[in-house]
Amino acid sequence: MIKKFDKKDEESGSGSNPFQHLEKSAVLQEARIFNETPINPRRCLHILTKIIYLLNQGEHFGTTEATEAFFAMTRLFQSNDQTLRRMCYLTIKEMANISEDVIIVTSSLTKDMTGKEDVYRGPAIRALCRITDTTMLQAIERYMKQAIVDKVPSVSSSALVSSLHMVKMSFDVVKRWVNEAQEAASSDNIMVQYHALGLLYHLRKNDRLAVTKMLNKFTKSGLKSPFAYCMMIRIASKLLEETEGGHDSPLFDFIESCLRNKHEMVVYEAASAIVHMPKCTARELAPAVSVLQLFCSSPKAALRYAAVRTLNKVAMKHPSAVTACNLDLENLITDSNRSIATLAITTLLKTGSESSVDRLMKQISSFVSEISDEFKVVVVQAISALCQKYPRKHSVMMNFLSNMLRDDGGFEYKRAIVDCIISIIEENPESKETGLAHLCEFIEDCEHTVLATKILHMLGKEGPRTPTPSKYIRFIFNRVVLESEAVRAAAVSALAKFGAQNDDLLPSVLVLMQRCMMDSDDEVRDRATFYMNVLQQKQKALNAAYIFNGLSVSVPGLEKSLHQYTLEPSEKPFDMKTVPLATAPITEQKTEIAPMATSKLPEKLAPARQDIYQEQLAAIPEFKGLGPLFKSSEPVQLTEAETEYVVRCIKHTFANHMIFQFDCTNTLNDQLLQRVQVQMEPSESYEVLHYVPAPSLHYSQPNSCYSLVRLPEDDPTAVSCTFSCTMKYLVRDCDPNTGEPDDDGYDDEYVLEDLEVTVADHIQKVLKPNFGAAWEEIGDEFEKEETFALATVRTLDEAVNNIISFLGMQPCERSDKVPENKNSHVLFLAGVFRGGHDVLVRARLALADGVTMQVTVRSTDENVVDVILASVG
Amino acid sequence: MDSAALEPSLYTVKAVFILDNDGNRLLSKYYDPELYPSMKEQKNFEMNVFNKTHKADNEISFLEGMTIVYKSSIDLFFYVAGSAQENELMLMAVLNCLFESLSQMLRKNVEKRTLLDNMDGVFLVVDEIIDGGVILESDPQQVIEKVNYRADDNPLSEQSVAQVLNTKRTNIKNSTRTHTDTAMINFPSF
């Protein structure tokens, strides 16, 4: 058998893999020689290597066979061959989870760890800690403490790192080793320093004071290890963020001083930390940017990459800070590492001028196929940002995007492109037709259901309003024939929109619908039947309500209401108005486009903010029977930022009541407040019904108190009111260190700023995708019109923004964007008034000396129209 | 992606792997249990990385949400992966240490056959550089001293006769039949 093995080894000529045809059973068979005496170290070593190799290749070992091999291996501790012993340690670590009773080697390992052979001690500690649990850890605690402060660096490092691994499992035991770790931190060896610092931080990270002290100590004594410096920079910047310390903090000085460290690693870490600080000004950035600029011309690719990646991030927030590096970045756009080139180009796209766009785009298209999907997404995001900055460049961009769309790529990449095209279409009406054509081409061969449905929705929304809607029908109907259920259903909805908008297409759409009614899928058939019936009525109002502008309620709210309805059977039909409205999606939330998004994180479906409030308020017994929560305002600050107590208010509107939620924070660490409530004095006939005080307010632990107010019933037009607010409470002084309060306290009060209730608090934003249809649907029964002169307003933009924020309604048809160089504009606003009445506003604006505004209001309720006009005037 | 700033931690390395020139795994270590828990995901990831990197020796790349630094030598590819926010130069320090240590241990013959012939040493080197994702040592000289491994004296042509005889003699002294066998096979080629 032995000969056979050697021969095989010999035959498999050089370059090939001697482990290639290993069979697990054969190797385990061979492992029997572990039991032979005397031990043959060389052969045993070879077999152990094979076992580890197999494990590493993902070969599955059953518990029995693993245990058997493991026990045989323990015999090898009798040999004194160094390499063999080290391989035994490795086998123990690899098999710790698959073999049974691994703790049998504890005594052998403990012997090696405390023995004379320094070569064994470190690895033995690491192997031992791998198989140790909390109870056994206490048994070896003494040895661990000694090992941490051992003068042999490898022993000390091994003990520190193993302790770190065990912090997760046995925090309480490892915590007792703090003093030893402290001693190790002053070791001369750079790795021991680093590991001790890491362990100390992990043990103390919840105690901010201790971390600060530790940091102070080490910044003064000065460490030698560059790794330890990087760690300290991270700790310092985390502390800075938590304490919201500014650039005058000593922590910031420390980080900045690291920019002059002799190790590139530390310099880069410091620059990166400064760049990532949330409130960094251009002046503080400058030194960091200039070291990054130096790195751009480094011969090391990793350093160039790191520098340009960080500059790219700076360019998002402070493009002007990076312009100084433009020349260096230009040199990188032809870098052989395409990742570096891509980052350089996308950075330049953010900082450069409009004239350089064409050149950069040309450069990047020459190698876009070579770069990874992650970077392609970065490119698309840069283009998307660029289109907003230079709308005139959209034709170049659109061309580029359509080419990218045709290339291979994963879902994230395609989605980024589709999103980008859609946003271009929405921003630039003249690009609409080319954009839609590209999207049509894309869905002809698109494997991603989500994208296909998204595009079909887009086609349904925009297609009917183009000059030649008929050309899209073919693309949409192809989907009905060829695709999966979800896509077919989306295609049916899109078709219906064409039929509803274009009378001349209606007959053909009806024919196609007929076909869809025979689909094999329920959802598709249901939708087709529904649309068929609506379309056949040929009524604009029906079309508007059921085809163009869908439900505007919140889906979780609808589910809850329906469930409630089925629990309490009643004669009354279900009333849609009792369902809370969906908070209009804040579509313009063009947040920081994170480059290379962490695509691996699953997107959690966060419950809407309002649903959370609804739950919270429903839990308070005083607020029962108010009906569904209609609207929650953004928080309003009632105090200055840095006062003793910080109070902000959120206004919750119900059908006939309002609840004011006061979030209070006590910033004094020597006071405990109790029975906190905010007294409110209304200016109008609003009636305060209830106060729900916050039982106690500890230092820096926010708590809320509430007031319930009834809205005046007799005068529905009294929508605005001013409340003067005073916070009243019982103060108990307490020891700032322990938080222990005195026995008695005294009453005190604190005057807050006035709180305004405006018309906007009574209106919920609702997006009507097709404003014209909705306008017709409501009809002119309660239409009123008035003209106003806005003397103080100088531009149309300003006027539009004022109206939107004043009325708190949702702008539709992107009418909140005023085209450049125009002196008239029409703004469309939609919303729902408290009580469930739809309200639409059309405001025609003309710019002369000031702005003249003609407001037309339509609603399903006459009072609402009056309220709006009265409040505008 | 920087919304969650990097939590200060010693856990720097997420994975390290060595592939051959067909992208086959020779050695892989994954230190983050949440990252590719199954063998299939790991091998897919390695293949993907290999396909994206083996054509050009670019040193650094960003794939599947991770920063990956790499280096190739003849028919071998060495990779070190860390999180997207990780300091690239730290990862580079690990990669350089791994490569230098192996290069010293294998007497500059960093190629597949020599590596596989000394696989035990390779396992030990990786074990001395990274422990559970923490950088244990970054100085190749220290690593070599700690591992204290003597590579198989493989290509006979590069050694003097005296050396070979010496090693063989010591081998024979404390060995069994197998070693005499190998010695006999080897001598004629001289």
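Just so you know, these numbers come straight off a predicted model, no measurement behind them. Note on naming: letters A, B, ... go to the chains in the order of the sequence lines (proteins, then strands), and numbering restarts at 1 for each one.
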Applying side-chain hydrogen bond (donor to acceptor under 3.5 Å, both in side chains), run through A:His202 and B:Tyr11 and close with a yes or a no.
CA-CA 11 Å; A:His202 274 267; B:Tyr11 293 94; over 6 Å; no
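Side chain of B:Asn87 to backbone of A:Met265: a donor-acceptor contact under 3.5 angstrom is found. For the pair A:His195 (side chain) and B:Ile135 (backbone), a donor-acceptor distance under 3.5 Å is present. No side-chain donor-acceptor contact under 3.5 Å links B:Asn148 to the backbone of A:Val119.
For a residue to count as touching a neighbouring chain, one of its non-hydrogen atoms must lie under 4.5 Å from one of that chain's; by this rule A:Pro278 does not touch chain B. Contacts of B:Leu26 with chain A are made by both backbone and side-chain atoms, with heavy-atom separations under 4.5 Å. Proximity to chain B is limited to the side chain of A:Gln82, based on heavy atoms less than 4.5 angstrom apart. The part of A:Leu90 that comes within reach of chain B is its side chain, from C-beta onward, which places non-hydrogen atoms under 4.5 angstrom from that chain. Only the side chain of B:Met92 has a heavy atom closer than 4.5 Å to any heavy atom of chain A. In this structure, chain B has heavy atoms under 4.5 Å from both the backbone and the side chain of A:Arg86.
Checked by atom type, the side-chain pair B:Glu59/A:Tyr305 shows no donor-acceptor distance below 3.5 Å. Between the side chains of B:Asp120 and A:His46, no donor N or O sits under 3.5 Å from an acceptor N or O.
Summarising the geometry of B:Glu86 relative to A:Arg309, their closest heavy-atom pair is O-NH2, 4.3 Å, with the distance given to 0.1 Å. When all heavy atoms of B:Ser9 and A:Arg234 are compared, the closest pair comes out as O-NH1, 4.3 Å.
Residues forming a salt bridge (charged side-chain N to carboxylate O under 4.0 Å, His left out) with B:Asp139 (at least two apart in sequence, or on another chain): none.
Taking A:His263, A:Lys93, A:Arg338 one by one and counting their heavy-atom pairs under 4.5 Å with chain B, the maximum is reached by A:Lys93.
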